[in-house]
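Along the sequence shown, the residues carry numbers beginning at 1. Not measured: the values here are computed from a predicted model.
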Amino acid sequence: MQGGQRAVRARVSGMVQGVSYRVWTRDEAARLGVKGWVRNERDGSVTVLVAGADAAVAAMIERLWQGPRGALVSKVEVEEAAGDAPTDFRILA
């Protein structure tokens with residue numbers, strides 16, 4: 001990504017499915033102006049790709065630890081992601 005921009009992939013574990021975590025994540029991404037996607041995984045975790053300005057991506061990572069009311073996040077594993085930046089933020093099936 002270009003200078004001042006970054007992309008990360010985060011795996012969020014805990015009670016994060018069945019509590020509108022994906023919708024909440026999309027809404028938080030819109031507030032912060034980041035792009036990417038969010039999807040449920042078969043093991044009960046949620047994976048999130050976040051791309052944008054360094055500060056906005058860092059803020060999104062912090063917010064992933066909170067989640068919506070009803071969520072109980074036990075772990076957020078983050079790794080740098082490569083590739084083209086998404087053009088919006090989507091919920092994937």
Side-chain angles (χ1 to χ4, degrees):
M1 297 202 71
Q2 297 175 338
Q5 302 280 309
R6 81 189 270 218
V8 300
R9 187 179 309 260
R11 186 172 202 96
V12 184
S13 301
M15 189 165 65
V16 292
Q17 289 190 17
V19 294
S20 297
Y21 197 94
R22 291 178 301 159
V23 172
W24 175 88
T25 302
R26 182 196 58 207
D27 294 346
E28 292 300 307
R31 284 184 190 87
L32 291 169
V34 296
K35 310 299 184 200
W37 49 260
V38 60
R39 71 176 179 224
N40 284 342
E41 301 295 345
R42 288 184 177 192
D43 66 0
S45 67
V46 171
T47 300
V48 185
L49 176 71
V50 182
D54 286 336
V57 170
M60 188 67 190
I61 292 167
E62 288 300 315
R63 292 183 187 187
L64 292 175
W65 278 98
Q66 299 166 13
R69 179 175 291 163
L72 182 58
V73 177
S74 61
K75 187 181 345 179
V76 177
E77 299 172 279
V78 178
E79 64 183 20
E80 297 299 317
D84 294 330
T87 58
D88 59 4
F89 198 95
R90 296 182 181 193
I91 297 173
L92 302 181

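Taking every heavy atom of both residues into account, Glu80 and Ala7 meet most closely at OE1-O, 3.4 Å. A pairwise comparison of heavy atoms in Val38 and Phe89 identifies CG1-CE2, 3.8 Å as the closest pair. When all heavy atoms of Arg9 and Thr47 are compared, the closest pair comes out as CG-CG2, 3.8 Å.
The side-chain contact (heavy atoms from CB on, under 4.5 Å) test applied to Asp88 returns Arg90, not counting sequence neighbours. Considering only residues two or more places apart in sequence or on other chains, Glu77 meets the side-chain hydrogen bond (donor to acceptor under 3.5 Å, both in side chains) condition with none of them.
Considering CD1 of Ile91 and CZ of Arg39, their distance stands at 14.0 Å, rounded to 0.5 Å.
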Got a list of side-chain donor-acceptor pairs under 3.5 Å for residues 55-70, not counting sequence neighbours?
from: Arg63; atom 1: NH1; to: Glu28; atom 2: OE1; distance (Å): 2.8

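Judged by distance alone, the side chain of Ser74 and the main-chain N or O of Ser13 form a donor-acceptor pair under 3.5 Å. Within the 3.5 Å criterion, the main-chain N or O of Asp43 finds no donor-acceptor partner in the side chain of Gln17.
Within the 4.5 Å cutoff, the side chain of Trp37 has no heavy atoms near those of the Arg22 side chain.
Both Val19 and Val12 are assigned to one and the same hydrophobic cluster, defined by single-linkage of ILVMFWY side chains at heavy-atom distances under 4.5 Å. Val16 and Leu49 fall into different hydrophobic clusters, defined by Ile, Leu, Val, Met, Phe, Trp and Tyr side-chain heavy atoms under 4.5 Å apart, directly or through other members.
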